[in-house]
Amino acid sequence: MNKPGTILAALCLFAGLFSGSVFCAEISEPSADNIQEIIRDEIVETILKERDIQKPGVHTVYDYKSTVKIPVKISIKEKIKSENDVYIGQEIKFEVEDNVFYKRKLKIRKGQIVKAKVGLIISSGMNGIPASIVFEDFKIDNVENGKLQNTLEVFGQDRSLIVFPIKWALTILPPTGSLTNFIMGGHARIRQGKTFTIYYHPEWL
């Protein structure tokens, strides 16, 4: 494919032959570097010139690499019969079991209510794979957002540890090994007052 500059030069030469002129001014197309320079100048003049650009602030109080974490024991305040007993987005309440201190200061008080939401529900599967419920978005009054463990997953009975050895033992008698596929995992049952542990990260932002 001919470049625009080459085409213009050919037209100029062709016109010169008919007009009797033997002179034609050299026509050249702007280079890629020149075009980029023009674009950069336009951006500077129209967008960046009037802006006061400052470096973003750097947090010096918080340590983003900190591994400091303090366990927080919480107990659930209601009974969950199975994963079918809850729905995504449902609020679930827990209660703090013990006082939590950091640098000798009381940060979380015993008896405080911890609110969380049901974020994910996984039904039990074949081959003994258990159901599970994922709690997320934990919140405690007077504790900054982002400083608590974000998720907690609770599982039902895992029967796969029994199912798979039986499956392999029955492979010598096909297709009896496939019968274990129909053994389902346990439901995610949670008794009222059951204790769990989440973590408080005091040095996180």
Measure the shortest side-chain to side-chain distance between [X] and [Y] over non-hydrogen atoms and say whether it is less than 4.5 angstrom.
X: I183; Y: N127; answer: no
X: Q192; Y: E78; answer: no
X: D141; Y: Q112; answer: yes
X: I113; Y: K77; answer: yes
X: I70; Y: P202; answer: yes
X: I76; Y: I92; answer: yes
X: M126; Y: F182; answer: yes
X: L152; Y: V134; answer: no

Cluster question for you: counting only ILVMFWY and a side-chain heavy-atom cut-off of under 4.5 Å, with indirect links fine, are [X] and [Y] together?
X: I88; Y: V86; value: yes
X: V154; Y: I122; value: no
X: Y200; Y: V68; value: yes
X: I80; Y: L120; value: no

query = Taking 4.0 angstrom as the limit, do E91 and K117 come out as a salt bridge?
reply =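 Here E91 does not pair with K117 in a salt bridge, since their nearest N and O are not under 4.0 Å apart.
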
Check whether [X] reaches the backbone of [Y] with its side chain - one donor and one acceptor, N or O, closer than 3.5 Å.
X: N99; Y: K110; value: yes
X: E153; Y: I133; value: no
X: E136; Y: T151; value: no

request  = For V72 and I108, run side chain to side chain contact (heavy atoms under 4.5 Å, CB included): C-alpha distance rounded to whole Å, both residues' side-chain angles, the deciding distance at 0.1 Å, then the answer.
outcome  = CA-CA 8 Å; V72 182; I108 303 173; 4.0 Å; yes

task = Just say parallel, tilted or perpendicular for the rings of F138 and F94, cut-offs at 30° and 60°.
result =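 F138 vs F94 ring planes: tilted.
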
ask   = How many angstroms lie between CD in Q157 and NE2 in H187, if you round to the nearest 0.5 Å?
value =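 Separation between the atoms: 11.0 Å.
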
query = Looking at CD1 of I190 and NZ of K81, how far apart are the two atoms once the value is rounded to the nearest 0.5 Å?
reply =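 Atom-to-atom, I190:CD1 and K81:NZ are 14.0 Å apart.
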
ask   = Got a sec, which hydrophobics cluster with L106, joining ILVMFWY side chains under 4.5 Å apart, including via others?
value =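 Its cluster partners, ordered by chain and number, are F101.
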
Could you tell me which non-hydrogen atom of [X] sits nearest to which non-hydrogen atom of [Y], and how far apart they are?
X: K147; Y: W204; value: CE-O, 2.8 Å
X: S124; Y: G186; value: CB-O, 4.0 Å
X: P71; Y: V100; value: O-CG2, 4.1 Å
X: I121; Y: V118; value: CG1-CG1, 3.8 Å
X: K73; Y: T195; value: CB-CG2, 4.2 Å
X: L148; Y: V143; value: CG-CG1, 4.0 Å

request  = Verify the distance criterion only: is there a donor paired with an acceptor across the side chains of E95 and S75 at less than 3.5 Å?
outcome  =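 Side chains of E95 and S75: no pair found under 3.5 Å.
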
K107 NZ/CZ over Y102 ring centroid, <6.0 Å and within 45° of normal =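 Because its charged atom misses either the 6.0 Å distance or the 45° angle limit, K107 does not stack over Y102.
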
key: Check against side chain to side chain contact (heavy atoms under 4.5 Å, CB included), E83 and D85   = CA-CA 5 Å; E83 68 279 3; D85 199 32; over 6 Å; no

